[in-house]
Amino acid sequence: ASYTQAALELSMTLCAVSRQIQHLEDFLALRLFKRTRHGVELTVAGRHYYARICPDLLGLERSTLELMSHQGVWQDWNASRYVILKLQCS
């Protein structure tokens, strides 16, 4: 995983992704990511936080898609302009 990959998926700049992660880490007073030669990986605290928020993020995604389908927005939905977090939770 890398910040560059996240930036591409979210249609954000690398700087913006890095800044948002830094703000979250500052807010939580925890390091969530550790930088490696091959990108970034979650710290122990990051893995724990991810496990706790993943069900909520998936619920948010499901609710958003359900609302969009009931509003008739689904047909007009443009994935490149709409950011929905896609996480594979285990």
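Among residues at least two apart or in separate chains, side chain to side chain donor-acceptor pair (under 3.5 Å) pairs with a member in residues 28-39 are K34-E41.
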Return a table of donor-acceptor pairs under 3.5 angstrom between the side chains of residues 13-23 and protein atoms on other chains or two or more places apart.
residue: T13; atom: OG1; partner: A16; partner atom: N; Å: 3.0
residue: Q22; atom: NE2; partner: D26; partner atom: OD1; Å: 2.8

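Side chains of E66 and S63 form no contact here, defined as non-hydrogen atoms less than 4.5 Å apart. Looking only at side-chain heavy atoms (C-beta outward), L32 and Y49 come within less than 4.5 Å of each other.
Every residue meeting the side chain to side chain contact (heavy atoms under 4.5 Å, CB included) condition with R62, not counting sequence neighbours, appears here in chain and number order: L58.
To the nearest 0.5 Å, atoms CG (L30) and CG (L24) are separated by 9.0 Å.
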| task | Let me see the working for L42 and F33 under side-chain contact (heavy atoms from CB on, under 4.5 Å), right down to the final yes or no. | result | CA-CA 4 Å; L42 290 170; F33 293 93; 3.6 Å; yes
